[in-house]
Structures are given as C-alpha cells and as structure tokens.
2 protein chains.
Amino acid sequence: MKLSKKTDYALRVLFTLVEHHGRGPIPIRELARRNEVPKRFLEHIMLDMKAKGWVDSLPGKQGGYVLAKEPSKVTMGEVIRHFDGILAPIGCVSATHYQRCSQESVCRFRRILLDARNYVARLMEQATLASVFLGAPVKEREVFAPGLMAGDGI
Amino acid sequence: MKLSKKTDYALRVLFTLVEHHGRGPIPIRELARRNEVPKRFLEHIMLDMKAKGWVDSLPGKQGGYVLAKEPSKVTMGEVIRHFDGILAPIGCVSATHYQRCSQESVCRFRRILLDARNYVARLMEQATLASVFLGAPVKEREVFAPGLMAGDGI
DNA sequence: TTAATATACGACTTAATTAATCGTATATGA
DNA sequence: TCATATACGATTAATTAAGTCGTATATTAA
Ligand code: SF4
Ligand code: SF4
C-alpha cells in the first residue's frame, strides 16, 4: 500500500471535519488552508467524497462542507481503496483488485506478501474515522519504536 | 509498500537462483523465460543486483548468473528497498526515506500508518531468501484467510 | 433584488515514474 | 575464431499522479 497525496489530502480533511462534527460547515478555503492542500485540487477531492456519501456541501454564504456520515461509519480502508484503488502491495494478493499471475503456483514470496496485505487490510478495515480520531497524534519518541504500537488504541 | 514490476521480477529471479544454488550459472535467457520477464529489461535488473553484490555473472559459453551471497544473507526488505526505495506507505513514517510533514504534530492518522509500516518493515527485514524459500507456495484455499498466516513459517 | 460567496465540473496541462527497447561494446571458452 | 555470454548508455513509450483553469450555478445575507 502506497498512499498518494490525494488520499493523504482526503484523510487530512476528513479528520478536520470529524473534529468539527456537528458545528456547521467549513468552507473549502478554510479546509485547504488548515491542511495545506491546494484549493483547486481539493475541490475535486471533495466532490469525489460527496459522491461517495462521506461529506455533504452547503452552497452560498456560510456554506461549506460537513461530514455526512457518522465518523464511526467510515473506515480508513474505504477511503484509501477509493482513491488509491488497492490496499495490497501487488495485484495477486488483492481481494478487491485481484489480478492473476501465471507464477502463482510456484511463487515462493507470494505468501509473505499475502501476510503483509492481510495485516494492513485488517488494520485499515477496522479503523474508523472515529476510532482513529480518538488516538492522539504520534509522539516523537514513539516513531519507529514498534513495541509501543501493539494494541495501542487502534 | 507497493511492489513495482521491477521488484517483482527481481524477486522471481532471485528465488530461481536460490533454488539452483550451487549448481552452476543460469543464463539470462533462461531466467527470463522461466519467470516470464522481458529479457532486455532483466539485463538491467541483473546488472543492478550484481552491483549490490547479490548475484555474480560468468560471461562466455556456459555462462550466466549465480547467487553471490548465501540465501540467508539477503532479505526481502533489502531487495524491495533497493528497487522501490521505500517500505513505508508514506514518507512521514519511513525510516530510510523519511520526509518531514508540517502536519505531523496534529495528524491523527499518522499513528496507524506507522503501525502498518512497522509491521511490514519488520516482516520484510527478517525475511531472508532462505527462510522465505522454505515456505511452500500459497495454496488456493489459504488466500485471504488471514487466520492461517500467523507464524506460518515466516 | 442583488452582490457576495459558495460549490460544480469538465477540460486541460504538467510532472514524475514506470516499464520497457535498442544498439553496440566487450569478455570468455569450447 | 566464432558462438555465446554479459555490459551499459541512450532512448522511448505508457501510465499515473498532481495540479490548474474557466465558467456555470446555487444560496443567502444585506
Ligand atoms: S510472481 Fe509471485 S508475487 Fe509476483 S505477481 Fe506473481 S504470484 Fe504474485
Ligand atoms: S498528513 Fe499525517 S500522514 Fe500525511 S504526511 Fe502529514 S503527518 Fe504523515
């Protein structure tokens, strides 16, 4: 799984909307500024997310975007899959975008790629905007200290 | 982590060489045929791997490529990192290609991406060609049945 | 009513990466 | 000495990612 900027931008904005949930719409201008996303680019992303039913828009003065679903009803997996298409590291181990490979029956390393995909897919599929939002931002000392991550409020 | 074709090709060939380890060189033509890799493309990949010290070449008749290191001394992580550059899903959680992001201190989902990167990085770093080779190819019924993967000879 | 402010949306462009292909040089050994 | 092998830079083709632009339309506060 490689996160494109588009997906990263989408997630940044979604969490801003989660934080503001129930307190009225936020205009794109503000969403773009707060999350350092190019505004014209974000327009397309928001439109896309509106079509998916994750957000809703209110035009006119005082308008902007709001979350359209409960934060517990949208998962990281859905968002990443929508924008990047695939969660697996390669097509032959993808559930949603499976692509057959002629080497499957003899391939020695497909197994480990499947392990990676299974872990990541399960992690992302059970991670709702709500549950992820509750976890605090990563503290510097935690970075690359794998021991500290296990069962860590995820 | 997204596996490029180049990396996939490199790994296919490496495992062919592991299988043939100690039984003389295999010409590129044969490596390309057996693994369904475009031959001219493979030349560059092999050259690249030779520079890394993973394989060695013998020119002339009866020539070809051999493994230059013990299969237990090369990891999947090294290979993927060499060709794809990064194991992490995004720069802000990469150990080898870290890229600072201005949102780090407020980002809510960096934590879960870090979790994904830590799992995948550890998995790939401890997976040597030897240990992975010992695991049998994936049986069809195992695909997407995560329960069957745990501690599964990896 | 109307001016200001908002989203809507297709068309377009640019940049970057990936995946090759080609020509030719050089080394080896049967 | 010739058949067969790797060496390697140059080039191209294809795909995807990232971002911009122009303009249309909807809403509402003054
Ligand atoms: S070679 Fe193995 S890992 Fe690569 S695509 Fe084929 S089956 Fe999957
Ligand atoms: S927004 Fe969060 S996840 Fe994305 S790059 Fe910045 S810190 Fe990393």
Side-chain angles (χ1 to χ4, degrees), chain A residues 1-13 17 24-33 35-68 80 82-86 89-91 97 99 101, chain B residues 1-13 17 24-33 35-68 80 82-86 89-91 97 99 101:
Chain A
M1 178 204 42
K2 195 224 163 204
L3 225 68
S4 65
K5 293 228 178 200
K6 202 169 180 176
T7 308
D8 191 44
Y9 291 163
L11 288 170
R12 292 184 196 184
V13 167
L17 292 179
I26 309 180
I28 276 196
R29 183 180 6 90
E30 177 67 9
L31 290 171
R33 195 189 55 71
N35 295 290
E36 293 194 51
V37 179
K39 186 179 153 243
R40 287 321 277 279
F41 193 28
L42 185 55
E43 284 179 13
H44 292 283
I45 297 173
M46 298 313 292
L47 217 41
D48 211 341
M49 293 206 284
K50 182 180 177 181
K52 288 294 290 184
W54 298 330
V55 301
D56 205 357
S57 64
L58 301 163
K61 270 184 187 174
Q62 322 289 343
Y65 279 92
V66 292
L67 213 55
I80 297 173
H82 176 68
F83 287 108
D84 287 344
I86 191 170
I90 197 163
H97 289 71
Q99 254 202 297
C101 168
Chain B
M1 181 205 39
K2 195 225 164 203
L3 225 67
S4 66
K5 292 225 180 201
K6 201 170 182 176
T7 307
D8 192 44
Y9 291 162
L11 288 170
R12 292 185 196 185
V13 167
L17 293 179
I26 309 179
I28 276 196
R29 183 178 7 88
E30 177 66 11
L31 290 171
R33 194 189 54 74
N35 295 291
E36 292 194 51
V37 179
K39 187 181 152 241
R40 291 313 283 275
F41 191 28
L42 184 55
E43 286 179 11
H44 292 282
I45 297 174
M46 297 313 293
L47 217 41
D48 211 340
M49 292 206 284
K50 182 181 177 179
K52 287 297 289 183
W54 297 330
V55 301
D56 206 357
S57 65
L58 300 163
K61 270 183 186 173
Q62 321 289 344
Y65 280 93
V66 293
L67 214 56
I80 297 173
H82 176 66
F83 287 108
D84 287 345
I86 190 170
I90 197 165
H97 290 71
Q99 254 202 297
C101 169

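Nothing here was measured: the structure is a model prediction, and the numbers come from that model. All heavy atoms count here, side chains included; hydrogens, waters and symmetry mates do not. Within every chain, numbering begins at 1; the chains are lettered A, B, ... in the order of the sequence lines, protein sequences first and strands thereafter.
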B:Glu43: what forms a salt bridge (Lys or Arg N to Asp or Glu O under 4.0 Å) with it, not counting sequence neighbours? B:Arg40
First of B:Gly64 and A:Phe83 reached from the 5' end of DNA chain D, by closest nucleotide: B:Gly64
Output a table of donor-acceptor pairs, distance under 3.5 Å, between side-chain atoms of residues 44-62 of chain A and any protein atom two or more places apart or on a different chain; print 'none' if there are none.
unit_1, atom_1, unit_2, atom_2, d
A:Asp48, OD1, A:His82, NE2, 2.8
A:Lys50, NZ, A:Ser57, OG, 2.9

Return the minimal non-hydrogen interatomic distance between B:Ile28 and B:Leu42, and the atom names on each side. O-CD2, 4.1 Å
Are A:Cys101 and B:Arg12 packed together at the side-chain level, in the sense that at least one heavy-atom pair is separated by less than 4.5 angstrom? yes
DNA chain C: A:Arg40 or B:Asp84, which has the more 5' nearest nucleotide? A:Arg40
Length of the line joining A:Ile90:CD1 and C:dA19:C1', which is rounded to integer Å: 14 Å
List the atom of A:Phe41, the atom of A:Lys6, and the distance in Å for their closest heavy-atom pair. CZ-CG, 4.2 Å
Side chain to side chain donor-acceptor pair (under 3.5 Å) involving B:Asn35 - partner list, sequence neighbours excluded: B:Thr16
Identify the two heavy atoms, one from A:Met1 and one from A:Ile80, that lie closest to each other, and give their separation to 0.1 Å. SD-CD1, 3.9 Å
Between residues 3-12 of chain A and DNA chain D, which residues have a heavy-atom gap below 4.0 Å? A:Ser4, A:Lys5, A:Lys6, A:Tyr9
Do you know the tightest heavy-atom contact between A:Leu3 and A:Asp84? CA-OD2, 3.4 Å
Indicate the atoms forming the closest heavy-atom contact of B:Arg29 with B:Lys39, along with that distance. CA-CD, 4.2 Å
Contacts of type side-chain contact (heavy atoms from CB on, under 4.5 Å), residue A:Glu30, not counting sequence neighbours: A:Ile26, A:Pro27, A:Arg33, A:Arg34
For DNA chain C, which residues of residues 41-54 of chain A approach it to below 4.0 angstrom with any heavy atom? A:Glu43, A:His44, A:Leu47, A:Lys50
Contacted region of DNA chain D by chain B, from 5' end to 3' end of the hits, cut-off under 4.0 Å to heavy atoms, spans D:dT4 to D:dA10
